[in-house]
Amino acid sequence: MRKNLKHYYLYFFALIFSVTLCFSFTTLYTNPSVIETLKSSGTASTGFEVASYILYFIVTFFVLYANHLFMKRRSKEIGLYQLIGMTKGLVVRLIALENIILFILAVGVGMLFGYLSSRVFAMILLRLVELEAVVDLTFSFEALRQSIFVFTILLVVILLQMIWIIQRVSLLSLFNASKKADERIKPFGLFQMIMGIIGIALIIYGYYKSTQLFNIADANAASNLFLNMLIILVSTIFGTFLFFRYSVAFLMNLLRIRKKGHLNVVDVLAVSPIMHRMKSNAKSLTLITTLTALAIGITSLSYISYYSSENNARQSSPYDYMIIDDQGIEFLDLLTDGGIEFEKEFYQMSEVELNIEELISDNLKDSPLFTNEMETSVISINDFNKRVPNVDINEGEAILTSYVNILSEIMPLQKEKNLVAKTDDLEVSLFVTDIRKDFLLYSAVNMGGPVLVVTDELFEDIAESGLVRTQIGINLTDKDDIEKAEAIYKSLAEVRGIELEIVEGHPFIHTPSSYEELRKQNIATFGMTIFVTAFLGLAFLLTTGSILYFKQMAEAEDEKESYTTLRKIGFSTSHLLKGIYAKQLFSFCVPLLIGLFHSYFAVKSGWFLFGTEFEAPLLIIMSLYILMYAVFAVLSIQYYKKVVRNSL
């Protein structure tokens, strides 16, 4: 074992990394202070258990791959043992003993790191959900029990994998295993070119289908959502495999043809190794690309929800507090008695039924999900100007506002068209001059639909023929008073209750609606989600990045003789590194770039189901992944430099 330290440290790192992730995560969600804090806030923690199973799967895959690579690098050593007379059974017992010793050490060190890092992760979690608590650094025997159980099973699986590898191969193949590619690429021909083009076409088709996933104009897309998602998944993944297996080879062959066989050192060290390991690279790069896209996509959607928490709360409650139909009007007196200064705005609203057929584009009208009639709230332009000044409309004109998110993405409306507004005693045609995103009314009143803004005269006519409701919007003058105002709000809620009562088809709010309460609820819910998904995303990232790094280390060792030959015939280290840089650019940047494209189209197809912000959260997550991949690429290049310098 002392003589094999240069091989062991790679495998040992993989084991320690896996144990650290699992133990820290298990310790976190079994920490009493974390459990009590989350329970008191009403935040569900059931997602932890599901996430732990996913984490175990990621770790199992990672360790099995690392063990396979470790055994491949030691194949010549195993062959020597058999050559001097050891039986396969004796070799198996020897390697098994080494694995058991490694596992005991790795589990011990990993648990220590996991124990120490669990408190940091717990503090991050409570920070995300905006809860204050003292997180004690406690040792969890439940986490110890679960980790020992999982890694004992993993050890058994690894031993079986090792036995299978040793028993199934011949002595001669062991001496050549480390130098043998999974399959040498065949001479490039018409079939390979066609398959390469098909691979690119499948990826483009998958991207196109993702843009049509929630297109209600397509009746088939609306009714076969699951089938379309499956088609997108299969075409994208299979297209990615064909891209790496054939398309890349096609492009590299074009490069070789263009150079008419006159390859420089960069071509020899970059193009040739990639081509001659193509099938092996295609499978691993497809897997890495898929995992990268999955991790970025899930983490981005979770972060979109978290990032949009405040905006979602503000859309539901556009003011700090809102009083509907004077229910809870005493809240104003309580604020005054508490010395809290505030500004208030009074609104009157009624209801109309809209016919929006002309506002809908023609391709949506045949959709089974399309409806040209909806009930919505209506306010006067005078009240609208209290929130949005300097906006005016003439007689016969109207504005639609508060039309965003899911409804606007699935069924966009066209402005400068006519709609029909109806009540029991009135029907009028209005020209829509603008469609805006401004929010004025409490979402429970308007049920999340658009708000119609009409002239003051028309609103009076509508109010005479229908029910008129009132809303008082309250904004605190000094935001530092929010804690005192929230205490008053909660005391009033306890007295009056916060449930909705349906009276003649209209919801009446027994207490004022609180923006801060809605914001905290969103933060607590989505903060838990982003923490769990980010933790799993980190595991995916470290797994894929480590696999690429391990693979490049193995290839560097395999190509050491080539570097020695090139150094002997006069090429300097700087010449060789140019080719190595090109190879690392392909190995790390191409799967990452394709993974970014995959995740972009996946997130773009349905981001509006998760929040109101798209660009900023997605760019932040992608930037973090690019940065982490860059770290692995730099580590890989540094290892190559060491191999090249030691090759002569």
Side-chain angles (χ1 to χ4, degrees), residues 25 28-29 34 37-39 41-52 54-55 121-131 210-211 213-214 225 229 292-318 402-410 437 439 442-444 447-448 513-541 595-596 598-625:
F25 192 78
L28 170 63
Y29 80 80
V34 174
T37 304
L38 294 178
K39 185 184 297 183
S41 71
T43 304
S45 57
T46 54
F48 274 118
E49 187 173 355
V50 177
S52 64
I54 300 175
L55 185 60
F121 286 122
M123 294 169 66
I124 293 173
L125 170 61
L126 296 182
R127 175 68 175 175
L128 285 173
V129 298
E130 295 187 0
L131 295 175
S210 69
T211 62
L213 191 60
F214 293 97
L225 180 62
M229 292 175 68
T292 300
L294 179 65
I296 295 176
I298 294 176
T299 308
S300 297
L301 290 175
S302 299
Y303 192 48
I304 284 173
S305 299
Y306 184 77
Y307 195 89
S308 306
S309 296
E310 294 187 3
N311 200 13
N312 282 331
R314 187 58 77 186
Q315 289 181 7
S316 297
S317 182
S402 307
Y403 195 70
V404 295
N405 295 346
I406 299 177
L407 199 57
S408 63
E409 290 289 335
I410 294 179
K437 298 181 179 181
F439 281 84
Y442 183 49
S443 61
M447 305 305 290
S513 69
S514 166
Y515 158 74
E516 184 66 14
E517 185 76 9
L518 292 172
R519 190 190 69 84
K520 285 185 175 180
Q521 290 175 3
N522 290 342
I523 287 290
T525 302
F526 299 130
M528 173 73 72
T529 304
I530 185 58
F531 176 81
V532 172
T533 54
F535 199 97
L536 294 177
L538 175 64
F540 272 118
L541 172 64
L596 291 174
H598 287 357
S599 59
Y600 170 79
F601 282 97
V603 172
K604 193 175 188 302
S605 66
W607 68 271
F608 46 84
L609 300 174
F610 296 85
T612 59
E613 304 292 332
F614 172 63
E615 291 85 0
L618 185 62
L619 288 175
I620 291 172
I621 296 298
M622 285 184 170
S623 299
L624 291 175
Y625 268 75

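Computation of the quantities below employed the complete heavy-atom set of this structure, encompassing side-chain atoms and omitting hydrogens, waters and symmetry-equivalent molecules.
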Here the gap from Leu536 atom CG to Thr299 atom OG1, rounded to the nearest 0.5 Å, amounts to 8.0 Å
So CG of Asn522 and CD of Glu517: to nearest 0.5 Å the spacing works out to 10.5 Å
Distance col, row Ile523:CD1 vs Met528:CE, nearest 0.5 angstrom, shows 13.0 Å
Keeping Ser317 on the side-chain end and Arg314 on the backbone end, is there a donor-acceptor pair under 3.5 Å?
no
Would you please classify the geometry between the Tyr306 ring and the Tyr303 ring as parallel, tilted or perpendicular, with 30° and 60° separating the classes? parallel
Applying side-chain contact (heavy atoms from CB on, under 4.5 Å) to Glu613 and not counting sequence neighbours gives Tyr307, Ser308, Asn311, Pro617
dist Ile54:CD1 -> Thr533:OG1 (nearest 0.5 Å) comes out at 10.0 Å
CG of Leu128 to OG of Ser309, rounded to nearest 0.5 Å, is 10.5 Å
On a heavy-atom basis, the closest approach of Phe439 and Pro318 is O-CB, 3.4 Å
Over 60° means perpendicular and under 30° means parallel, so classify the ring planes of Phe535 and Phe25, tilted if in between.
-> tilted
Here the pair of heavy atoms bringing Ser316 nearest to Leu518 is CB-CD1, 3.7 Å
Would a distance-only check, ignoring hydrogens and angles, find a side-chain to backbone donor-acceptor pair under 3.5 Å from Ser300 to Leu618?
-> no
Here the pair of heavy atoms bringing Leu55 nearest to Ala539 is CD1-CB, 3.6 Å
Residues Ala293 and His598: closest non-hydrogen pair is CB-CB, 3.5 Å
Ile296 vs Met622, side-chain contact (heavy atoms from CB on, under 4.5 Å): CA-CA, chis, key distance, verdict: CA-CA 7 Å; Ile296 295 176; Met622 285 184 170; 4.2 Å; yes
Here the pair of heavy atoms bringing Ser605 nearest to Ser210 is CB-O, 3.0 Å
Does Tyr600, at its OH atom, have more than 12 non-hydrogen atoms belonging to other residues, nucleotides or ligands within less than 6.0 Å? no
Distance col, row Trp607:CH2 vs Ile304:CD1, nearest 0.5 angstrom, shows 7.0 Å
>> Taking Phe608's backbone N and O only, do any of them form a donor-acceptor pair with Thr612's side chain (distance below 3.5 Å, no angle check)?
In response: no
Worked check of side-chain contact (heavy atoms from CB on, under 4.5 Å) between Asn312 and Gln315
CA-CA 5 Å; Asn312 282 331; Gln315 289 181 7; 4.3 Å; yes
Residue set satisfying ring-ring contact (aromatic ring centres under 6.0 Å, His included) with Tyr515, at least two apart, ordered chain then number -> none
